[in-house]
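Down below is the structure, laid out as structure tokens.
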Amino acid sequence: ADVNRAKRELERLKRIAKAEGVYDDLRFRDEIAKLEVDIVALEMLVLRVLSAEKSGKNSLDIAGLLKIKGSEIQQRYTELMMLAAGPYSLPFIFEAMDAGWQGDFPGDNVSNAPLAANYFNMRKTTIYGGSNEVQRNIVAQTVLG
């Protein structure tokens, strides 16, 4: 779980939300705040694993939780970025593929273009390395015995 990347993406999400005017929406800011809390919790979980590893305890009990929370956080920040940018998150405009098209791309911010593609790409994170349901079962068996 790359906590530093999650923190960078959180800041990027805030910039996009402010630029697109959705940061003023209290419900959207609530979603950002929930994500921020989850990122801090993930950081604490990573520190707990490192501490257990250093003291010689079995850190594998928590490794499944790291995978679950990390993948859910990745999916949430890409989804929120795409929602913040709205139609400007589309990778391209179909009409732009026509020869001689002279129209503009939506929005002035070209960096929003890959947001939808990133969102769909991050959907795989709950699948690779074992689905989250399998990980939950492993964690439950390890913790509960």
Side-chain angles (χ1 to χ4, degrees), residues 1-97 103-145:
D2 189 353
V3 177
N4 289 328
R5 178 176 181 202
K7 287 180 179 180
R8 284 191 310 272
E9 294 296 336
L10 178 68
E11 293 307 313
R12 181 177 174 210
L13 168 60
K14 289 177 183 178
R15 283 193 308 272
I16 292 170
K18 287 174 185 173
E20 298 300 329
V22 294
Y23 195 74
D24 297 331
D25 182 346
L26 291 177
R27 293 203 188 265
F28 197 83
R29 273 210 317 259
D30 286 347
E31 292 301 315
I32 292 174
K34 284 192 267 186
L35 181 62
E36 197 161 8
V37 167
D38 282 346
I39 291 171
V40 170
L42 180 67
E43 186 174 26
M44 296 301 119
L45 198 57
V46 168
L47 293 173
R48 187 172 168 192
V49 168
L50 292 174
S51 174
E53 207 172 77
K54 197 167 195 164
S55 65
K57 294 180 183 173
N58 187 3
S59 62
L60 290 179
D61 299 350
I62 307 170
L65 290 174
L66 281 174
K67 188 265 177 213
I68 293 167
K69 290 307 291 178
S71 63
E72 288 174 352
I73 287 171
Q74 283 179 326
Q75 287 181 353
R76 286 226 334 269
Y77 66 66
T78 57
E79 179 181 12
L80 288 173
M81 279 188 224
M82 188 180 71
L83 289 173
Y88 304 132
S89 64
L90 295 174
F92 56 84
I93 302 172
F94 289 106
E95 292 85 7
M97 306 314 276
D104 293 327
F105 286 97
D108 298 328
N109 192 351
V110 187
S111 66
N112 285 351
L115 292 178
N118 289 343
Y119 165 74
F120 290 118
N121 188 41
M122 282 299 151
R123 302 304 298 161
K124 70 184 179 193
T125 60
T126 53
I127 298 169
Y128 67 70
S131 73
N132 279 1
E133 282 305 312
V134 172
Q135 289 294 329
R136 284 185 179 94
N137 289 336
I138 292 169
V139 169
Q141 288 175 356
T142 305
V143 173
L144 301 176

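For the side chain to side chain contact (heavy atoms under 4.5 Å, CB included) with Phe28, the qualifying choice from Asp24, Asp25, Leu26 is Asp25, the only one to do so. Between Tyr77 and the choices Leu35, Leu10, Ile32, the side chain to side chain contact (heavy atoms under 4.5 Å, CB included) rule is met once, by Leu35.
For Ala84 against Ala17, the heavy-atom pair with the smallest separation is CB-CA, 4.1 Å.
Ion pairing of Glu79 with Arg76 is absent here, as no side-chain N (NZ or NE/NH1/NH2) approaches a carboxylate O to less than 4.0 Å. The residues Glu43 and Lys7 are annotated as salt-bridged, a charged nitrogen and a carboxylate oxygen being separated by less than 4.0 angstrom. With salt bridges taken as basic N to acidic carboxylate O contacts below 4.0 Å, none links Glu11 and Arg8.
By the 4.5 Å heavy-atom criterion applied to side chains, Arg12 and Leu115 are counted as neighbours. Taking 4.5 Å as the limit, every side-chain heavy atom of Glu9 sits out of range of all side-chain heavy atoms of Leu13. Ile16 has its side chain out of reach of Leu80: every pair of non-hydrogen atoms, C-beta onward, lies at least 4.5 Å apart. Within the 4.5 Å cutoff, no side-chain heavy atoms of Tyr119 are placed close to those of Met81.
Taking the salt bridge (Lys or Arg N to Asp or Glu O under 4.0 Å) definition, one finds that Glu72 meets it with Lys69, Arg136, sequence neighbours left out.
Counting only distance, with no hydrogens or angles, the side chain of Gln74 and the backbone of Met122 share no donor-acceptor pair below 3.5 Å. Side chain of Ser89 to main chain of Ala85: no donor-acceptor pair is present (N/O by atom type, distance under 3.5 Å, no hydrogens or angles). With hydrogens and angles ignored, the 3.5 Å screen pairs no side-chain donor or acceptor of Ser51 with any backbone N or O of Leu47.
One finds the CG atom of Leu42 at 12.0 Å from the CD1 atom of Ile68 (value rounded to the nearest 0.5 Å). In this structure, the separation between CG on Asp38 and CD1 on Ile73 is 5.0 Å, given to the nearest 0.5 Å.
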